[in-house]
Amino acid sequence: MHKNNWLLWAILIAAIAGIFCGWFFGHSMTAVEWVGDLFLDALKMTIIPLIVAAVISGIASIGDASRLQRLGGLTVLYYFCTTSIAVLLGLIIVNIIQPGAGLTEVSEVIPDQVAGKEETGFIEIIRSLIGSNIIASAAETKLLEVIVFSILFAVALTTIGERGKPILDFFDGMNEVMIKIVVWIMYFAPIGIFALISAKLGDSGGGENFWREIAGVGKYMLTVIIGLTMHFFVLLTILVVLSRRGREFIINMSKALVTAFGTASSSATLPLTMECAIESGVDKRAVKFVLPLGATVNMDGTALYEAVAVMFIAQAYGIYMSATDQVVIFITATLAAIGAAGIPEAGLVTMIIVLTAVGLPMEGIGLLLAVDWFLDRMRTTVNVWGDSVGSTVIERICFK
Ligand code: ASP
């Protein structure tokens, strides 16, 4: 038995126990919410120092400019291809199943979660790349700004020759230290994940309420879940064909996948995703570049979900979406997924971009709210899986 298999089993059992307790004990499980938050905070605490150290040491250790360009180019190409496949898959499935057709009740108010965010658009996405104060960016966990700064820092570091050596050594060491802390935190994952899942399910009213919620939008949920499951296998095929890794890799990554389900946040899961990938033997240079960037911009699950959700809203309101409209949805859903932060329910907000582009009412988001906490967990799991597969595919192409 692999040395850490017991931990994986413990995490899986904890997740199932969490569903069971949340389902049957309902609201009383919110009593353990603080335990889940404690685990989440411990993970979040490591994110900024880990990302800064990993990105700088990863990029600077590659050194050679042409190799760096190849790594950057191929990573972006991978993100772009897999995200596009996800949106396309979503569009095909939602056109076949038509989950919104015949729905009689539609929402008439703009939900709180998105109210006042009507201005969300492409310019905001581009502006989110650079923060004027890097300390503030770090303090507010604006990961993309921190990553862009770290990339620039690392590239500059490679140009100053010998004098850069102590700085690189420092970040190398810091990276190792952070990974060590993540390993320690991971031992608390079973308790943390149990608490997160049971409290969330309990808070939403337990099993009985869950059935009631899905009664109206069950077909929509099923469409998203079928799409996400199929995309999981698309990625698996890409993984097996391109990097010749299989079962062992999935088993190793499962700890991160269950954590993604438990936290609904790619960013909070990132430290574990990196640790699991390193444990699987993926080249550290690929892990340090592909995963941090992926956690913030590569979101296959979110992209697929946005396409399905927007088409569902159109169908529910009886608004016809022509082929041209669907091309617009295809493009904007891809961009909305890139723009979504790796935090819970971020996809709901960036969906405004897609809705506005095809002239659909923002009130439609109200239809999705009740079950979004659950679908968020499902899509976050696929987001993290997409990044994980990316790290090994890029490793195979760039470093082997
Ligand atoms: N919660 C998702 C993530 O962290 C983003 C989203 O789709 O809302 O990956």
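Position 1 is the first residue of the sequence; numbering continues from there. Note that ligands are numbered from 1 as they come in the structure, with each ligand's atoms numbered from 1 the same way.
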**Q** So if I apply the salt bridge (Lys or Arg N to Asp or Glu O under 4.0 Å) rule between D372 and each of R379, K200, R377, which one comes out positive?
**A** R379
**Q** Can you tell me how the ring of F261 sits relative to the ring of F374, calling it parallel under 30°, perpendicular over 60° and tilted otherwise?
**A**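 It falls in the perpendicular class, over 60°.
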**Q** Is it the case that ligand 1 has an N or O less than 3.5 angstrom from some N or O of G342?
**A** yes
**Q** Quick check: F312 with Y220 (ring centres under 6.0 Å apart)?
**A**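 Here the rings of F312 and Y220 have centres that are less than 6.0 Å from each other.
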**Q** Under the side chain to side chain contact (heavy atoms under 4.5 Å, CB included) rule, what do V87 and E306 come out as? Steps first, then yes or no, please.
**A** CA-CA 8 Å; V87 183; E306 302 236 2; over 6 Å; no
**Q** Between ligand 1 and N383, is the shortest N or O to N or O distance under 3.5 Å?
**A**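 Checking ligand 1 against N383, an N or O pair does fall under 3.5 Å apart.
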**Q** Counting only nitrogen or oxygen atoms and a 3.5 angstrom limit, does A346 reach ligand 1?
**A** yes
**Q** Who's the nearest protein heavy-atom neighbour of atom 1 (N) of ligand 1, and how far?
**A** D376 OD1, 2.8 Å
**Q** Which ligand 1 atoms are under 4.0 Å away from a heavy-atom of S265?
**A** 4 (O)
**Q** Taking all heavy atoms of V290 and all of D387, pick out the closest pair and write down the distance.
**A**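 Scanning both residues, the minimum pair turns out to be CG1-O, 4.2 Å.
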**Q** Which atoms of ligand 1 sit under 4.0 Å from any heavy atom of G347?
**A** 6 (C), 7 (O), 8 (O)
**Q** Any atoms of ligand 1 less than 4.0 Å from a non-hydrogen atom of T302? List them with their elements.
**A** 5 (C), 6 (C), 7 (O)
**Q** Would you say L348 and ligand 1 have an N/O pair spaced under 3.5 Å apart?
**A**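 No; every N/O pair is 3.5 Å or more apart.
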**Q** Looking at E279 and K255, does any basic side-chain N land under 4.0 Å from a carboxylate oxygen?
**A**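 A salt bridge is present here (some side-chain N lies under 4.0 Å from a carboxylate O).
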**Q** With heavy atoms only and a cut-off of under 4.0 Å, state how A295 meets ligand 1: side chain, backbone, both or neither.
**A** neither
**Q** Give the numbers and elements of all ligand 1 atoms closer than 4.0 Å to a heavy atom of S266.
**A**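 The list of qualifying atoms is 3 (C), 4 (O), 9 (O).
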**Q** By number and element, which atoms of ligand 1 are closer than 4.0 Å to a non-hydrogen atom of T380?
**A**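 Counting from 1, the qualifying ligand atoms are 1 (N), 2 (C), 3 (C), 4 (O), 9 (O).
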**Q** Can you list the atoms of ligand 1 that are under 4.0 Å from a heavy atom of A341?
**A** 5 (C)
**Q** Can you tell me if T263 and T269 form a side-chain donor-acceptor pair at under 3.5 Å?
**A** yes
**Q** Considering only heavy atoms, does I343 approach ligand 1 within less than 4.0 Å through its side chain, its backbone, both, or neither?
**A**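 Near ligand 1, I343 shows its backbone, while the atoms from C-beta on stay back.
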**Q** Around atom CD1 of I130, are there more than 12 heavy atoms of other residues, nucleotides or ligands at under 6.0 Å?
**A**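 Counting neighbours around CD1 of I130, 12 or fewer heavy atoms of other residues, nucleotides or ligands fall under 6.0 Å, so no.
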**Q** Of the side chain and backbone of E345, name the one, both, or neither that has a heavy atom under 4.0 Å from an atom of ligand 1.
**A**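 Within the 4.0 Å criterion, E345 contacts ligand 1 through backbone atoms alone.
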**Q** Which label fits W385 and F232: parallel for a plane angle under 30°, tilted from 30 to 60°, or perpendicular past 60°?
**A** parallel
**Q** List every atom of ligand 1 that sits less than 4.0 Å from any heavy atom of A264, numbering the atoms from 1 in the order shown and giving each element.
**A**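 It comes down to these atoms of ligand 1: 1 (N), 4 (O).
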**Q** Might you point out which heavy atoms bring V328 and A357 nearest each other, and give the distance in Å?
**A** CG1-CB, 3.7 Å
